[in-house]
There are 2 protein chains.
Amino acid sequence: MLLGDLIGFHLRLATTRMMNDLRPALADLELRPVLFAILELVRVNPGIIQMRVGDELGVQRANLVPLINELMKRGAIKRKIAKHDKRAYSLYLTATGELLHDRAKRVVLEHEERILKRLNATDRNKLRWLLDEVAVD
Amino acid sequence: MLLGDLIGFHLRLATTRMMNDLRPALADLELRPVLFAILELVRVNPGIIQMRVGDELGVQRANLVPLINELMKRGAIKRKIAKHDKRAYSLYLTATGELLHDRAKRVVLEHEERILKRLNATDRNKLRWLLDEVAVD
DNA sequence: TATTGTTATACTCTATAACTATA
DNA sequence: TATAGTTATAGAGTATAACAATA
């Protein structure tokens, strides 16, 4: 390990390693990490506005469009015009989407366990908390 | 914050936020985060083999080639055939490269302080340690 | 046989600007 | 005026495969 003290380096490397494990694991379901993230977010927050998905995941709204289209073409998500705002779309999983998410979630949980096996529950909570403190305003 | 418990989400978002702050900060020097990472690694480990740089930063050797070329064209780094392996290149900063790195390092340290201002020294060390435990082996 | 650096390629990600329709 | 979604585009990141030179 030649890396220095800069947190950015360690963050970058941890992310790369995690994605290098997750990507092939999800490939069997023809999903990429970002697509799973969308499915998860919509599953847990049904009716969520499309823009909000972008905000939560750090994906700009322009870049979100083709991702949403991809999931709609596969019949995994559906949209309705938002109740109180005709400009916005509310997102929902279809039955197909829920099945896909169920299978993907299992793959992702196995992946997280594989990647975090050296950390106990306390450390994992601490890590989550520390990451959330990064770059908050 | 609608995000769930999955560490991957929090890692992804922290990385995005950090890069969104660092990228424009380095743009004044016409550097990108990955180029600074290479400068830093070569500065601290003069003579490092090109392949090793890729390993340390999680960049594949094929993708490293144009990055090294970019820094050589700018006269920031130079190469020599490695002492004990004619296939490999040892990398060094030029005087120009050291000056560029000095200026970039100042920008990066300010950036890290901005991003991590909510964390004290203990938390920062803990974060670095936790990130290093992610995906070892 | 395996490894370092290279080339080529395809795909994905990301940032930016401009447009529309609604608010 | 501002916001949600869209389109278009260019640049950067990433994965894969194949090759030459050397180990």
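The chains referred to below are lettered A, B, ... by the order of the sequence lines, with proteins before strands, and numbering in each begins at 1. All values below were derived from every heavy atom in this structure, side-chain atoms included, with hydrogens, water molecules and symmetry-related copies excluded.
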- Dump the intermediate steps for side chain to side chain contact (heavy atoms under 4.5 Å, CB included) on A:L100 and A:L39, then the final yes or no. CA-CA 9 Å; A:L100 180 59; A:L39 291 179; 3.9 Å; yes
- Residues A:D102, A:R43; criterion salt bridge (charged side-chain N to carboxylate O under 4.0 Å, His left out); working and verdict: CA-CA 10 Å; A:D102 284 340; A:R43 181 68 175 273; 3.3 Å; yes
- Task: Show your reasoning for whether side chain to side chain contact (heavy atoms under 4.5 Å, CB included) applies to B:R61 and B:Q50.
- Result: CA-CA 8 Å; B:R61 66 189 192 290; B:Q50 183 169 318; over 6 Å; no
- Task: Evaluate the criterion side chain to side chain contact (heavy atoms under 4.5 Å, CB included) for residue pair A:L130 and B:K126; output intermediate values, then yes/no.
- Result: CA-CA 9 Å; A:L130 288 166; B:K126 181 76 174 177; 4.1 Å; yes
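Phosphate contact (OP1/OP2 of D:dG13, side-chain N/O of B:R32, threshold under 4.0 Å): present. Distances shorter than 4.0 Å separate some side-chain N or O of A:R79 from OP1 or OP2 on D:dT6. Not one side-chain nitrogen or oxygen of A:N69 sits closer than 4.0 Å to the OP1 or OP2 atom of D:dG5.
Between the CE atom of B:M51 and the P atom of D:dA23 there is a distance of 16 Å, rounded to whole Å. In this structure, the CD1 atom of A:I48 is 15 Å from the C1' atom of D:dG5, given to the nearest Å. Computed from coordinates, the A:N63 CG to D:dA4 P distance equals 16 Å when rounded to whole Å. Remark: P of D:dT9 and CD of A:Q60 are 18 Å apart, rounded to the nearest angstrom. Between the C1' atom of D:dA12 and the CD atom of B:E30 lies a distance of 16 Å, rounded to the nearest Å. Atom NZ in B:K83 sits about 19 Å away from atom P in D:dT22, given to the nearest Å. Put simply, CG on A:L71 is 16 Å from C1' on D:dG5, counting in whole angstrom units.
B:I49 comes within contact range of the sugar-phosphate backbone alone, with a heavy-atom separation under 4.0 Å but no base atom that close. At the heavy-atom level, B:A82 lies nowhere under 4.0 Å from the strands shown. Using a 4.0 Å heavy-atom criterion, one finds that B:V59 contacts no nucleic acid atom at all. In this structure, B:D85 reaches the sugar-phosphate backbone alone: every heavy-atom distance under 4.0 Å involves primed, P, OP1 or OP2 atoms, never a base. Within 4.0 Å of B:D55, counting heavy atoms only, lies no atom of the nucleic acid at all.
With the nearest nucleotide of DNA chain C identified for both B:P66 and A:K86, B:P66 has the one nearer the 5' end. Summary of the strand contacts: A:L64 and B:G58 both lie near DNA chain D, and taking for each the nucleotide with the nearest heavy atom, the more 5' one is attributed to A:L64. Mapping B:V34 and B:R87 onto DNA chain D via the closest heavy atom, the residue that lands nearer the 5' end is B:V34.
With a 6.0 Å cutoff to the six-membered ring centre and a 45° limit on the axis angle, A:K80 does not count as a cation-pi contact of A:Y89.
The outermost nucleotides of DNA chain C lying under 4.0 Å from heavy atoms of chain A, listed 5' to 3', are C:dT12 to C:dA23.
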